[in-house]
Trainee: 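So that we are looking at the same thing, I have put the structure below in structure tokens.
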Amino acid sequence: MDLFSQAADADRAEELRATLNRYAHAYYVLDAPLVPDAEYDRLFRELQGIEAEHPELLRADSPTQRVGGAALKALAEVRHRVPMLSIETETDTTEGGAIAFDVRVRRKLGLADTAPPVEYAVELKFDGLAINLRYEEGVLVQAATRGDGEVGEDVTHNVRTIGGIPLRLQAQAPAVLEVRGEIYMRRDDFERLNARQTERGEKTFINPRNTAAGAVRQLDPAIAAQRPLSFFAYGVGEIQGWKEPPVTHAGLVDALAGFGLPVCAHRTVTQGAAGLTAFHQHIAALRDSLPFDIDGIVYKVNSLALQRELGFRNREPNWAVAHKYPAQEELTKLLDIEVQVGRTGAITPVARLAPVFVGGVTVTNATLHNEDELRRKDLKIGDTVIVRRAGDVIPEVVGSVAERRTGREHEFVMPTLCPVCGSHIVREEGESIARCSGGLACRAQRTQAIIHFAGRRMMDIDGLGERYIESLVEFGYIDRIADLYTLRLDDLLDMKRRADERDGVTPETVQQGKIATKWAENLIAAIAASKQPPLARLLFALGIRHVGESTAKTLAGWLGSLEWIRCAPKEIFAVLPDIGDVVAESLHDFFSEPNNERVLDELLRAGVKPLDEHLPTARLAQRIGMAELLGHLKIPRLTAIRSQHLAALVTSIAALVELRSEQILALDLPAEVTSALDTWLADKGNFDRLKRLENYCSRLLAITPQEDSAVVSPFTDMTFVLTGTLPTLTRDQARALIETSGGKVSSSVSKKTDYVVAGSEAGSKLANAQKLGITILDEAGLLALVGEHKDPPL
DNA sequence: CCACCTCGAGTTCC
DNA sequence: CTCGAGGTGG
């Protein structure tokens, strides 16, 4: 090898290092790639080639050295040259905390009340892992964790794998520059990582912070390299040879950005206490939509000279404070795991927790959904667990803290018998939910069925709450939904007396007796008032499996009356939109169960009279086509295509019933279909089924089609999603408004959503809508939109 | 057959 | 709100 080529390679290697580092900066830090990935890979491999040939050209700042080297035995200790101090946490989480800090600063600086406001640099407090990056002559030489502030751990090998951390600084960096910042994991990266773990059947991680911290402290850099970590710089440690050092904190962070280090955009310079509280409010509103977790914000006196003047106390700077938001995650003890029995018999494990204040409320219970979930989270009774109220409402046990185990924890054992009725608990193959097999013989299921029936979106019996229904069932006054309508005043009063007795409530005075009678009268009246619900509500109230609000509306809208629905053949259900085999089967099972038939009859006899819908005969005739019906009859060998074919030849059910063997032969169908059809028709059961279907269809369609008063609305086929709390309208009112204008209200945001109506405290749905670029309305916007299309000027 | 969209069901706290 | 699972369209 001649010297000339070696010199050329050295130049080329230097050039490649610079180019690749520039590309990496654009990609990771600026989020604006300069070249396609393939081009980066090509140059990367070229550099690898040169370095393999000339090991003496290897440099610490070479991008090829991000992942390299073998796993360590243990992490080495690093003594920080300038201690990594923590900042004081303001205990007052309200605005008062910001004001108190400003007052302390002004007093320490000896400022008069009339003096101008102090200038502050304000930024986010990231929920990650604090780190010190040491650059010498612009090259990253060491990365260390905070540790106890004096001595940390050397994690250089892992930190090198983080794409956003430059291995070489841009511009004229000081001879020595220690950068302080936070390593964290973005929420979306965290979720993707977990999705990948699930895919591979590996354990998922609990939260971004623990995952990031764990990754940085890995011994094997290859593992750390697979964890998507990010970094923000916000301060400095030791500095030597900085020619024009900044004079403010904001200027310092800007300078770090100038060196190619990633800094957070959510920072600003502001004046006085008012500026601090404004930033506090601003970030509080933004918190849930940030791409990463924060646990608060940080206020710093902007002027570095003033910082020096303020100095330290108890090894904490007097010129900075962390102002936290109420925790969204807390640790608590998992005291016990109990099971609940739901309306459908679903056995749900529920966590009983030591009370813990999280996200603004005290949480003592949290659902664990099902057994798989519980095992996935590795929960044992007695564990210390992480509880979250993810910006939302419903508490969730995120996972257990394995390090806190004492050995006295024990596994939860799923019961095999229902705790309420003693029936067997069965878990169907491939299902995640275990169910009590007791059906309505199980008191829990009976009670839940009645609670459901009386609920607001169903029969809406005002004043008949969960408590009373439980007592009524417990003392035997009601057993089934129909019994509600035969309840007498005395039954209610007796029930209340016995319930009070059980609870040890003092015997009643005359005054209280009067109140109780009034209560019972009102309740009886409320029950009577529920007797004429819209048909869909009654259907939903019945609690048929797989039939919720939406399916109930479909049934009511297409078949019009309870009479037509309860005697409909399975195939009719299945041709309706959004109803498939499973739901059709469930409906058919429900209406052919003698117990249910009796209950329905009793309801009708008691005077329950649902408001029927107009029967859309014309549309119905279109939908109940021969091909569709054939498809749902489950005739062997008759595929969807062949059903269409046969439907063209035999155009009505009536004709099919009459079909003789010779005629089937003449149809010119594939031989196997001919014989299968022949055998199928010859079966008495099938023949009767067909007869009934034919009979049903002809009666149903014989009803004279009424004029379809086609209300053409500009909202037709528009899908809305509601989220958050609107200022004046309730959710139900907004929903009614949209529906009466012809729109549809859906529960989740997708590409098909036309508008998202967002109120205050909107959650993930709003974020999702923003991501998908869906038009977002506030209440006023919705009203305007409705108003525009209503009452066109004459 | 798969991917995507909806719906159903269960749940917390005040 | 979230998960699971049913329905549908490509």
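This structure is a prediction, so every number in the text was calculated from the model and none was measured. Chain identifiers are assigned alphabetically (A, B, ...) following the order of the sequence lines, protein sequences preceding nucleic acid strands; residue numbering begins at 1 within each chain.
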Trainee: Of the listed nucleotides (C:dA5, B:dG10, B:dC13), which one gets closest to any side-chain atom of A:V363?
Mentor: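 So the side chain of A:V363 is nearest to B:dC13.
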Trainee: In whole Å, I'd like the distance from the CG atom of A:L587 to the P atom of C:dG6.
Mentor: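 That distance rounds to 14 Å.
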Trainee: Starting at CG of A:L620, measure out to CG of A:L700 and round the result to the nearest 0.5 Å.
Mentor: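 Those atoms lie 5.0 Å apart.
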Trainee: What is the separation between atom CD on A:Q448 and atom P on B:dA9, rounded to the nearest whole Å?
Mentor: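 Spelled out: CD on A:Q448 to P on B:dA9 is 13 Å.
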Trainee: Can you name the side chain to side chain donor-acceptor pair (under 3.5 Å) partners of A:R186, sequence neighbours left out?
Mentor: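 Partners of A:R186 by the side chain to side chain donor-acceptor pair (under 3.5 Å) criterion, ordered by chain and then number, come out as A:D188.
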Trainee: Specify the separation, in whole Å, of atom CD of A:Q445 and atom C1' of B:dA9.
Mentor: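 Checked: the CD to C1' distance equals 13 Å.
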Trainee: For A:F720 and B:dT6, what is the distance between atoms CZ and C1' respectively, to the nearest whole Å?
Mentor: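 Value for this atom pair: 18 Å.
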Trainee: Is the phosphate of B:dT11 approached by A:Q340 (side-chain N or O, under 4.0 Å from OP1 or OP2)?
Mentor: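 Yes, A:Q340 has a side-chain N/O under 4.0 Å of OP1/OP2 on B:dT11.
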Trainee: May I have the distance from A:H452 (atom NE2) to B:dA9 (atom P), rounded to whole angstrom?
Mentor: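 After rounding, the gap between these two atoms is 7 Å.
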Trainee: Identify all side-chain donor-acceptor contacts of residues 333-351 of chain A below 3.5 Å with residues at least two apart in sequence or on another chain.
Mentor:
| residue | atom | partner | partner atom | Å |
| --- | --- | --- | --- | --- |
| A:E338 | OE1 | A:R352 | NE | 3.0 |
| A:E338 | OE1 | A:R352 | NH2 | 3.1 |
| A:T344 | OG1 | A:R435 | NH2 | 3.2 |

Trainee: Which pairs count as salt bridge (Lys or Arg N to Asp or Glu O under 4.0 Å) when at least one residue sits in residues 413-427 of chain A, sequence neighbours excluded?
Mentor: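 Of all non-adjacent pairs touching residues 413-427 of chain A, those that pass salt bridge (Lys or Arg N to Asp or Glu O under 4.0 Å) are A:E371-A:R427, A:D372-A:R427.
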Trainee: Please enumerate all residues that pass salt bridge (charged side-chain N to carboxylate O under 4.0 Å, His left out) together with A:R456, with sequence neighbours excluded.
Mentor: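 Once residues adjacent in sequence are excluded, the partners of A:R456 under the salt bridge (charged side-chain N to carboxylate O under 4.0 Å, His left out) criterion are A:D732.
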Trainee: In terms of side-chain heavy atoms of A:E431, which of C:dG6, B:dT11, C:dG4 is nearest?
Mentor: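 Looking only at heavy atoms from C-beta outward on A:E431, the closest nucleotide is C:dG6.
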Trainee: What is the distance, rounded to the nearest whole Å, between atom CD1 of A:I433 and atom P of B:dG8?
Mentor: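 Rounded to whole Å, this separation is 15 Å.
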Trainee: Under 4.0 Å from any atom of DNA chain B, heavy atoms only: list the residues of residues 541-558 of chain A that qualify, in numerical order.
Mentor: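 Heavy-atom cutoff 4.0 Å gives A:R545, A:H546, A:V547, A:G548, A:E549, A:S550, A:T551.
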Trainee: What nitrogen or oxygen pairs link the protein and nucleotides 7-10 of chain C at under 3.5 Å?
Mentor:
| residue | atom | partner | partner atom | Å |
| --- | --- | --- | --- | --- |
| C:dG7 | OP1 | A:G580 | N | 2.5 |
| C:dG7 | OP1 | A:G580 | O | 3.4 |
| C:dG7 | OP1 | A:V583 | N | 3.4 |
| C:dT8 | OP1 | A:D578 | N | 2.7 |

Trainee: Supply the atom-to-atom distance A:E571 CD to A:I653 CD1, rounded to the nearest 0.5 angstrom.
Mentor: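 It comes to 8.0 Å.
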Trainee: With a non-hydrogen cut-off below 4.0 angstrom, is A:R352 in contact with a base, only sugar-phosphate, or nothing?
Mentor: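 If one applies the 4.0 Å heavy-atom cut-off, A:R352 turns out to touch nothing in the nucleic acid.
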Trainee: According to side chain to side chain donor-acceptor pair (under 3.5 Å), who are the partners of A:D581, at least two apart in sequence or on a separate chain?
Mentor: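 A:K634.
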Trainee: Figure out the CG/C1' separation between A:L353 and B:dC13, and round it to whole Å.
Mentor: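 Taking atom C1' of B:dC13 as the reference, CG of A:L353 is at 13 Å.
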Trainee: Can you list everything that forms a salt bridge (charged side-chain N to carboxylate O under 4.0 Å, His left out) with A:K380? Sequence neighbours excluded, please.
Mentor: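 A:E411.
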Trainee: Applying side chain to side chain donor-acceptor pair (under 3.5 Å), can you list everything that pairs with A:D293, at least two apart in sequence or on another chain?
Mentor: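 By the side chain to side chain donor-acceptor pair (under 3.5 Å) rule, A:D293 matches A:R187.
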Trainee: Listed by chain and number, what are the salt bridge (charged side-chain N to carboxylate O under 4.0 Å, His left out) partners of A:D479, not counting sequence neighbours?
Mentor: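 Per chain and number, A:D479 pairs via salt bridge (charged side-chain N to carboxylate O under 4.0 Å, His left out) with A:R446.
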Trainee: Near A:R637 CZ, under 6.0 Å, is it more than 12 heavy atoms from other residues, nucleotides or ligands?
Mentor: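 No, the 6.0 Å shell around CZ holds no more than 12 heavy atoms from other groups.
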Trainee: Would you say C:dA5 has OP1 or OP2 under 4.0 Å from some side-chain N or O of A:S432?
Mentor: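 A:S432 to C:dA5 OP1/OP2: side-chain N or O found under 4.0 Å.
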Trainee: Check this one for me: any side-chain N or O of A:T348 less than 4.0 Å away from OP1 or OP2 of B:dT11?
Mentor: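 For B:dT11, OP1 or OP2 has a side-chain N or O of A:T348 closer than 4.0 Å.
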Trainee: Looking at residues at least two apart in the chain, or sitting in another chain, which of them share a side chain to side chain donor-acceptor pair (under 3.5 Å) with A:D189?
Mentor: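 Checked A:D189 against side chain to side chain donor-acceptor pair (under 3.5 Å); matches are A:R192.
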Trainee: Taking DNA chain C as the partner, which of residues 367-374 of chain A come within under 4.0 angstrom of it by heavy atom?
Mentor: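 Under 4.0 Å from DNA chain C: no residue of residues 367-374 of chain A.
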Trainee: Any idea which of B:dC13, B:dG10, C:dG6 is nearest the A:N365 side chain?
Mentor: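 That would be B:dC13.
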Trainee: Send over the distance from A:F357 CZ to B:dC13 C1', rounded to a whole Å.
Mentor: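 Taking CZ of A:F357 and C1' of B:dC13, I get 12 Å after rounding.
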Trainee: In terms of the nearest nucleotide of DNA chain B, which residue is placed more toward the 5' end: A:T364 or A:G345?
Mentor: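 Nearest-nucleotide comparison on DNA chain B picks A:G345.
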